[in-house]
Structures are given as structure tokens and as C-alpha cells.
4 protein chains.
Amino acid sequence: MVQDNGRPRSRRLPRAVRERQILDAAVEVFAAHGFHAASMDEISEVAGISKPMLYAYLGTKDELFVACIRREAARLIEAIGTAVEAGLNPAEQLWRGLRVFFEYVQENQAGWSVLHRQANVQGDPFVSELSEWRERATSLIAALLARATEGSAQPMQAEQTEPFAAALVGAGEALVEWWFEHPEHAADGMAMRLMNMVWMGFSDLVEGRSWTPKS
Amino acid sequence: MVQDNGRPRSRRLPRAVRERQILDAAVEVFAAHGFHAASMDEISEVAGISKPMLYAYLGTKDELFVACIRREAARLIEAIGTAVEAGLNPAEQLWRGLRVFFEYVQENQAGWSVLHRQANVQGDPFVSELSEWRERATSLIAALLARATEGSAQPMQAEQTEPFAAALVGAGEALVEWWFEHPEHAADGMAMRLMNMVWMGFSDLVEGRSWTPKS
Amino acid sequence: MVQDNGRPRSRRLPRAVRERQILDAAVEVFAAHGFHAASMDEISEVAGISKPMLYAYLGTKDELFVACIRREAARLIEAIGTAVEAGLNPAEQLWRGLRVFFEYVQENQAGWSVLHRQANVQGDPFVSELSEWRERATSLIAALLARATEGSAQPMQAEQTEPFAAALVGAGEALVEWWFEHPEHAADGMAMRLMNMVWMGFSDLVEGRSWTPKS
Amino acid sequence: MVQDNGRPRSRRLPRAVRERQILDAAVEVFAAHGFHAASMDEISEVAGISKPMLYAYLGTKDELFVACIRREAARLIEAIGTAVEAGLNPAEQLWRGLRVFFEYVQENQAGWSVLHRQANVQGDPFVSELSEWRERATSLIAALLARATEGSAQPMQAEQTEPFAAALVGAGEALVEWWFEHPEHAADGMAMRLMNMVWMGFSDLVEGRSWTPKS
DNA sequence: TATGAATGAGGCTTCATTCAT
DNA sequence: CATGAATGAAGCCTCATTCAT
């Protein structure tokens, strides 16, 4: 029999494809309602499979959620990492990273919502997962910042770059939130804003100094 | 089973006292488990009253949560507002605001968690409440930043200060998160870090320029 | 302190007055929501007294409901009985009884609703109370009908008049229901309708014979 | 505790069968306690299934109750309608209708109780459902009565037949009630009684005129 | 493999009823 | 006498999870 909701309930797909289908559905539903309000019923429906299959492929609700977080985090981190590597100097690296970040969020709002909003809910299995991704993001940035000071008189230590990186990530998250309410701006423009705040600081901006990409 | 949570179940208290007791308990429990996972059962237990009283005084779970958000937001905003007003110039105002922010968070972790983490719940009554508080916080900062540029050649418009303020708030939130994992730092130190990031920017910091309070 | 809802919460009333106040309120609320949906809270509020007083005066919810049924039934039966006694012959007696019945219902809709609708709910203490009132009403009518046939060739026995009376009562109740949806008719007109149905029967009515009061 | 109500808890039945089981149980329980006092717990127990199934198949308590009313009303109306159609002239039609009515009630006391007694519940979804069934019953009878006067000098209009029909239905309901307390009578006899009351009227009966079926 | 059918467990909410002042 | 404060008990409903086919 065929499911009536557009996508035919295709059978006998290879496991990997099925799992991606399910994860896509899960991310969508988790983003829409949040972890607790999301129901396995809805996820299985959106994924186009029955609940027992859902459990067979990805385990319990908790495990499924962790899988979602993991996939989305990996994707985002990888995108940013690749972009950063392509930059020639720290400023450009940061700039590329920011740009990719905003682009990613724009094209993957559901995934971002799962990462940024839903994963914040306390609870045993999720905190660790979440802090791991935050740590990876932070250390990526922190390394970048550290490289920027390598040549200076007083190179920054991890103890200084790390909180800075964390703050930068937080600023980015908040700016995305602001962006959602002012969608008329382009991803590039958002990246520029954040770049300037971070790189120049407020006192410079007030005095008319700002950063611009050369490319 | 016997109640054994320290505070004796005192009886026949006047309404106002009970309401504060309940709000305290609710904030604690919401912070610990998040809105959905928190149960009215546990809240009433922690508050030391029966569930019917809980409902009689503060309404449904939704209403209770809104009341929590409202109280915590009001407290925080008021503390920051008062501190900012005491500053003589924009830099000092910002500095005082940041310091009070970190102090508040330190002494009121549960309340902060409710505001920062748990309020991200989908659903009608919460989004409006939450965005209202975010907006108040942001506009408080945005006004401060706007004042800072009043004398400059190109005074910033709301369109520029607002996202900056939002980013600043986000950076603060993230820094708090980092702080929780590095509790050896003092609130003052955290405020200093953020002040420098915001005011000086990264390029200045690299070159050894930094901001310090005069007081 | 004075209650703010119009009627001042007068204190120290004689017991009988209080009880009437309470019963009035109870009938009103039971009629509005039905027995189960009515809450003692609302009744005490409408009555203008506190709940402990409510319990002190009229006992539990069940007892209170029984008291309502009893009072309303007594009133109605008494009104009809008095009217019937004033009639000179059976037809006129019936006519007077019906007229009073419709008048009573019109002026006492809440009481009627309690009797007719709410008391039908099954449950231990109410069935007996309800069947007692039905029985009284029925036997009042049955006696009337019996008197009407006393002079005839084959006087009716209770076994014949009783079900007739029951049916008449039921017809009256149903007609009242119909009346509520067609309120443009007068009480007298309704009584006339029922009188004709009962007295003449359908075959007579079809052939143009009908009953009219002489008074 | 062990289930011990005779019917074994059979498992894995097809949906249609389960739905009938549930409706049967629901009618039984609603008839026994009334809508409000009936508990979904008891219904599911009597039906021999768990509560989640109850909800999955027939929705909330309100919806379940409406389904009960609808089924019972449809059954009764259909039975009477079929019987009436088989009659050759109005009197016989009425007679057949009444006979089927009493037979139906006798064999389906619970269903009748739900229709007659319990459906009188305040609240949106029920009033409409109930008045619809009453209307169908009434208009079925009213049409019959109208046909009876078609040939006469002054054919009755709906304004006259309708309240008559309503009263007839009410008389029937009340007679059923009386019957329950005098179960020694047969359904046929009850129908005869009502037929005579309605068709002949009291004055005719007093004078010895009565109606008898020819079949 | 795939699923319709099934349920234990638990959460929110309200109500009749009674203390303690 | 009068009441604000308090609660045990119960009802509706939903969800994550698993059989049995």
C-alpha cells in the first residue's frame, strides 16, 4: 500500500538512506516543537515510516535527539573549518568563517534551531553532547585567535583566547536571533557586522575605524 | 513517605509569602529540568505545599512559568538599569552594567538559567514574554551605545546600535556559560574581559591596548 | 469588610433566611451547569457566604442537591394542588392545574430545570428523591382523572389512570421543552394545547372537535 | 488486580470490532452513572481495553459521548421509520411506530437511558447533538400527524402538529419510565395504552370509545 | 523486514471537604 | 459565628515504547 502524503512510502531502502530520511524528519520536528513537545509519532509520520522502524534504526527518543545534535554540529563545524583553512591571514580566516556561519544558518534553520535552542534544555544525555560541540566550535576559533597574536609582543594564551572565542560564538548566536527578526539583511552583511564588532571594538567604531574585506 | 527537604512545611502563611515561596521553588525546578520536564508535582513538593495551593496561587503551569520569567527579568533589568544610571560616561556606564550583570548571574544562577535557557520554549505565551524581556535588555544597552556616539562625527542610528547590543548580550550570555565551567574567576574579572572585548576589539587587544576602570 | 459584588455580605441573619439564600443560589447554579459541573465554590460565591458556612447549613453537595429538589417539588406540587382544588368539575380542574403548571414553569425556570433535567442523573441519593416527586405529581393527576370517571359506566381503576397521568406529566414536560424554543406563545395558550390533546385526543381534533374553557 | 468481568480481554482485534465493543461499553457506563459521573477508566475497563486505545479509537470523553448518542439515536429513528412506512393509514402507522418504540426500549434500556436521560447535559457539543435527534424524532411524528389530517376540512399546519408530536414523544418517554416500575406489562400493551391516549383522548376513553388494531 | 495494535506510566488540573484562626 | 488557607483523591489525556502478526 502507498502512503497518501506525497512521498510514497518506499520500502527496502539501504540503511544509510533511511537513516538520513529519519534524521531529516527528526530535526524538522524537534526544531518545530522542541525536544519534549516533539512526539515520536509525528517524527515517524514525517519520516514516512512506522514507529517500530524508527526505533529499530535510531533507538530511543534520547538517542535520536543526540544523533540529530551530532549530525548538525558536525556539518556546521566542518563547513566553518573548511572555510577558515582557506583564509590567508587571521583576519581573513575569521571573516571567511563568519560568512560561512551565517550562510549555513540561513540555509539550515531547522538544524540550527536544534543546536542553538533545543539542545539547551537540561537533562542528562544532552548537556555533554552539547558542550562537546560548543567546545569544538570554541577551540576552532580560539586557535584562530591564537595564531593572530603569535607574532605580537605578548602572544595570548589559551586562557585568554578561549573566553574570547566563547564570547564570539555567543555574539554570533545572538546576532542570528536578531537576524531572524530582521530578515531583510543579507548573510554577508551580518558577517560584516560581527566582524567589525569583534575585530575593531566599539571605541574604534565610534571613531570611524572599521574593517573591510579585501577580496 | 516523609517530607525531608530541610524547610519545615510551615502552615497558614499569608498569601504573599506563599507566592514568593512558590516562585522560588518554581524557578529552581524549571532551571533544573527545563519547562517541559519540570513537573508541577515536584514544584509543589519543593515549595512545601500541596498542588491545589500551587494552582490557587499561581495558576496553570504556563502561567507559573510566565510569572517566573517575569520576575527574574524584572529583577535583572532593574539591577542593570540602576547600575548604568550611576555611571558618569558611556564607558563607565557599560562597565558598571556588565559588572552588575555578572554579579547578578553569580548569585542567581537558577533565575538566570530560566531566563537564558528554559525560556526558549515554543508556544504562544512564552515567546512574547521572552522577546519582551530580550527587547528591554537590548534597548537598554542600545541606548547606552547610542549615547556613546552622540558626540562623534557620525552618531550611530538604532539600526546600528541594536544589533550591536544584541550581540553584546549574546556574548555576555556565552561568557557566563564559559564562566560556569571555569568558576575560579571572579565576577569582576569576567566583566573586565567582556568590557575589553567590546570596547577595544580584538585588533586593539592584540596590540596591547586595553581598557581599565578608573574607580 | 464588605463583599464587593453588590449584595453586601450581611452577617448574623436568622438561620431560615440564610438557608433560603443558599437554596436560591444552589438552584441557580445547579440549573446553569448541572449537578456534577456545579461547584460548591460557585454556589458559595453566588450565595454570598463562605464554604464552611455552606457546609454548616446544608451539608454535603448531595444533601444540598436533595434539598433543592425537595423544595422545588414541594412548591410546584403545592401550586398545582391548590389550583386543582378550586375547579368545579374534572375538566376544569385539569385545566386549572395545567395553567398553573405552565405559569409556574415560566416564572421559575431554574427550579424547573433542576427538577426536570438535572435530577434525572442516576446516582444513589437522587433517584429516590426524584421518583417520590414524580409519584406525588402523578397521583395528584391520577386522582383527578379517577374522579372524572366516577359517574361513568366503567369507572377507571388506578391501574388505568396512573399510566395515563404519568404520560400526561411527560407530555407536559416535553411541551415545556418545546415552549422554550418557541417562547412567543403564552402560558395560557400552552395549557390550552395540552388540554385539548389530553381531553379530546387526536381523532377528535382532526374532526374539528375541541375543548374550550367556559370561564 | 485481575480483570474478571467475564469477557476475556481478547487482543489484536480489527479496528471496527473494537469500536463497537467500546461503544457498547460506553453506552452501558454512561447509562449507569450519567455523563459526568462516568469515568473513562471504568469505560475502558468494561470495554476490556486500555485507555490509550479508547482515546485512539473514539477520541475524548465528549466525542465518545456524542458517538454514543449518535449511534443510539440512529438505531431508534431507523427502527421507527421503517415500521411507520409499513403502515397503510395514519392510525396504523402510528400504532406500528409506537409498538416498535416500546420494543426497542425494552431491548435496549441502556441506549434509551443515554438518549432520554443522560443527554441532558449542558455544554456545547451535546445540546446540538441532542436537539438534532429530538428534532428528527419529532418531525417524523409530525409528518405522520400531518398526513392524518390531509383529507379533513382543516388540515393541520406544522405549527399545530409539531407541539403535538413533541408532547407525544414526551408522553412516550414518561410512559417508559412508568413501565420500568411496572415491568409486568408487555410492550404491546404499553403501545396500546399510548395509542389510545393519543388517538382517542380522555373524554372518549371515559365514554368507552377506544382504538384497537385490526391486524 | 515492516506495521497496526496495544499499554504502563505519568502529567496537568479540579473538586469536595476540612482545619486553624 | 465566620473564613482564608489547605489538601487527599480522582479524572482526563498523552506519550514513549513494544508485541504479535
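Note that the coordinates shown come from a computational prediction; the quantities given were computed from them, not determined experimentally. Chain naming here is simple, since letters A, B, ... match the order of the sequence lines and numbering starts at 1 in each.
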Checklist entry - Among all residues two or more places apart in sequence or in another chain, which pass the ring pair (Phe, Tyr, Trp, His ring centres under 6.0 Å) test with B:Trp133? => result none

Checklist entry - Looking at residues at least two apart in the chain, or sitting in another chain, which of them share a salt bridge (charged side-chain N to carboxylate O under 4.0 Å, His left out) with C:Glu19? => result C:Arg15

Checklist outcome for this item: C:Met40 atom CE is separated from F:dA9 atom C1', nearest whole Å, by 17 Å

Checklist entry - Cation over ring, B:Lys61 on B:Phe35, under 6.0 Å and within 45°? => result yes

Next on the checklist: The criterion is ring pair (Phe, Tyr, Trp, His ring centres under 6.0 Å); which residues satisfy it with C:His33, sequence neighbours excluded?
Outcome noted: none

Checklist entry - Taking atom P of F:dG11 as reference, at what distance in whole Å does atom CZ of D:Phe35 sit? => result 14 Å

Next on the checklist: A:Arg20: which residues meet the salt bridge (charged side-chain N to carboxylate O under 4.0 Å, His left out) condition with it, sequence neighbours left out?
Outcome noted: none

Checklist entry - To the nearest Å, how far apart are D:His33 NE2 and F:dC12 P? => result 12 Å

Checklist entry - Can you check the B:Phe65 CZ to E:dC12 C1' distance for me, whole Å? => result 16 Å

Next on the checklist: Contact between B:Asp24 and B:Arg71 at the side-chain level, heavy atoms closer than 4.5 Å - yes or no?
Outcome noted: yes

Checklist entry - Going by heavy atoms closer than 4.0 Å, what residues in residues 51-63 of chain D are next to DNA chain E? => result D:Pro52, D:Met53, D:Tyr57

Next on the checklist: Please confirm whether the shortest side-chain N or O distance from D:Arg18 to OP1 or OP2 of E:dA6 is below 4.0 Å.
Outcome noted: yes

Next on the checklist: Rounded to whole Å, how long is the line connecting atom CD1 of C:Ile49 with atom C1' of F:dC1?
Outcome noted: 12 Å

Checklist entry - If a stem is a run of at least 3 consecutive Watson-Crick or G-U pairs, both distances under 3.5 Å, which stems include DNA chain F? => result E:2-21 with F:2-21

Checklist entry - So what does C:Ala38 hit on the nucleic acid, given a heavy-atom distance under 4.0 Å: a base, only sugar-phosphate, or nothing? => result sugar-phosphate

Checklist entry - CD of C:Glu45 versus C1' of E:dA16: gap in Å, rounded? => result 16 Å

Item to check | Whole-Å distance separating the CD1 atom of D:Ile22 from the P atom of E:dT7 | outcome: 10 Å

Next on the checklist: If you assign each of D:Arg15 and C:Asp41 to its closest nucleotide in DNA chain E, which residue comes earlier from the 5' end?
Outcome noted: D:Arg15

Item to check | Minimum heavy-atom distance A:Ile69-A:Leu115, with the two atoms named | outcome: O-CD1, 3.7 Å

Checklist entry - Where is the tightest heavy-atom contact between C:Ser44 and C:Ser50, given as atom of each residue plus distance? => result CB-C, 4.2 Å

Checklist entry - If every non-hydrogen atom of A:Met40 is compared with every non-hydrogen atom of A:Thr60, which pair is closest and at what distance? => result CE-C, 4.2 Å

Checklist entry - How long is the line joining NE2 of A:His36 and C1' of E:dC12, in whole Å? => result 15 Å

